[in-house]
Enquirer: 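Okay, handing you the structure first.
Order of the sequence lines sets the chain letters (A, B, ...), proteins ahead of strands, with each chain counted from 1.
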Amino acid sequence: MLPQDPERSLYQRIYDVVRHVPSGRVTTYGRVARIVGGISAQMVGFALAALPNRPDGADVPWQRVINAQGRVSPHGYGFGTVIQKELLEGEGIVFDAEGRVDLEQFGW
DNA sequence: CGGCTGACTCTGG
DNA sequence: TCCAGAGCCAGCC
């Protein structure tokens, strides 16, 4: 399997990986970073942060990407986090009392 | 072309 | 559980 097209920008490749996350499952920034290869977890976070600005991110299930602690990172003005949790619960993801997800169970 | 920005991870206390 | 510091790198003015 050839590596992803170098023509595509890094962001595009990250979105590609995120799009592969099935409904009802979540993955972490670090995990996506390793799949894409050669980038740090931060790059994934930045790529998702730019999603609203990029037409290529229209169909990217960004809500399925959380941090390594199984938590939803505080982003946006604080509202995006709530939305993300709602979306995940709608897909069957369960949060514990502390708002964490069991990656052992729901991790991709 | 220089500088700023950012939704992370890991380790240690 | 919370907090701080260091490493990380592409994209956008």
Enquirer: A:R31 has an atom CZ; how far is it from atom C1' of B:dC10, in whole Å?
Expert: 15 Å
Enquirer: Give me the distances for all protein-to-nucleotides 2-5 of chain B N/O pairs that come in under 3.5 Å?
Expert:
none

Enquirer: Assuming nearest nucleotide by heavy-atom distance, tell me which of A:R54 and A:S40 is located more 5' along DNA chain C.
Expert: A:S40
Enquirer: Let's go through A:Q84 and A:I66 carefully: what are the C-alpha distance in whole Å and the side-chain angles of both, what is the deciding distance for side chain to side chain contact (heavy atoms under 4.5 Å, CB included) to 0.1 Å, and is it a yes or a no?
Expert: CA-CA 9 Å; A:Q84 182 168 12; A:I66 59 181; 4.0 Å; yes
Enquirer: I'd like to know if the side chain of A:Y15 and the backbone of A:A47 have a donor-acceptor N/O pair within less than 3.5 Å.
Expert: yes
Enquirer: Residues two or more places apart in sequence or in another chain: which of them pass side-chain hydrogen bond (donor to acceptor under 3.5 Å, both in side chains) with A:D102?
Expert: none
Enquirer: Would you grab the first and last nucleotide of DNA chain C (5' to 3') that comes under 4.0 Å of any non-hydrogen atom in chain A?
Expert: C:dT1 to C:dC12
Enquirer: What side-chain donor-acceptor pairs closer than 3.5 Å can you find for residues 17-46 of chain A, not counting sequence neighbours?
Expert:
residue : atom : partner : partner atom : Å
A:R19   : NH1  : A:D56   : O            : 3.1
A:R19   : NH1  : A:D59   : OD1          : 2.6
A:T28   : OG1  : A:R31   : N            : 3.1

Enquirer: In residues 61-75 of chain A, which ones come under 4.0 Å of DNA chain B, going by heavy atoms?
Expert: A:W62, A:N67, A:A68, A:S73, A:P74, A:H75
Enquirer: Between residues 42-52 of chain A and DNA chain C, which residues have a heavy-atom gap below 4.0 Å?
Expert: A:Q42, A:M43
Enquirer: Hydrophobic clustering (ILVMFWY, side-chain heavy atoms < 4.5 Å, transitive) - are A:W108 and A:F106 grouped together?
Expert: no
Enquirer: Can I get a per-line list of side-chain donor-acceptor pairs under 3.5 Å for residues 87-98 of chain A, giving both atom names and the distance, sequence neighbours left out?
Expert:
residue : atom : partner : partner atom : Å
A:E91   : OE1  : A:R64   : NE           : 2.9
A:E91   : OE2  : A:R64   : NE           : 3.2
A:E91   : OE2  : A:R64   : NH2          : 2.9
A:D96   : OD1  : A:E98   : N            : 2.8
A:D96   : OD1  : A:G99   : N            : 3.0
A:D96   : OD1  : A:R100  : N            : 2.9
A:E98   : OE1  : A:R100  : NE           : 3.3
A:E98   : OE1  : A:R100  : NH2          : 2.9

Enquirer: Provide, to the nearest angstrom, the distance between the CD atom belonging to A:Q84 and the P atom belonging to B:dC8.
Expert: 10 Å
Enquirer: Where along residues 97-108 of chain A does a heavy atom fall under 4.0 Å from DNA chain C?
Expert: A:E98, A:R100
Enquirer: What integer distance in Å separates A:Y11:OH from B:dG6:P?
Expert: 12 Å
Enquirer: Please identify each residue that fulfils side chain to side chain contact (heavy atoms under 4.5 Å, CB included) with A:A49, with sequence neighbours left out.
Expert: none
Enquirer: If you write DNA chain C from 5' to 3' in dot-bracket form, with Watson-Crick or G-U pairs under 3.5 Å, [ ] for crossing pairs and | for pairs with another strand, what do you get?
Expert: .||||||.|||||
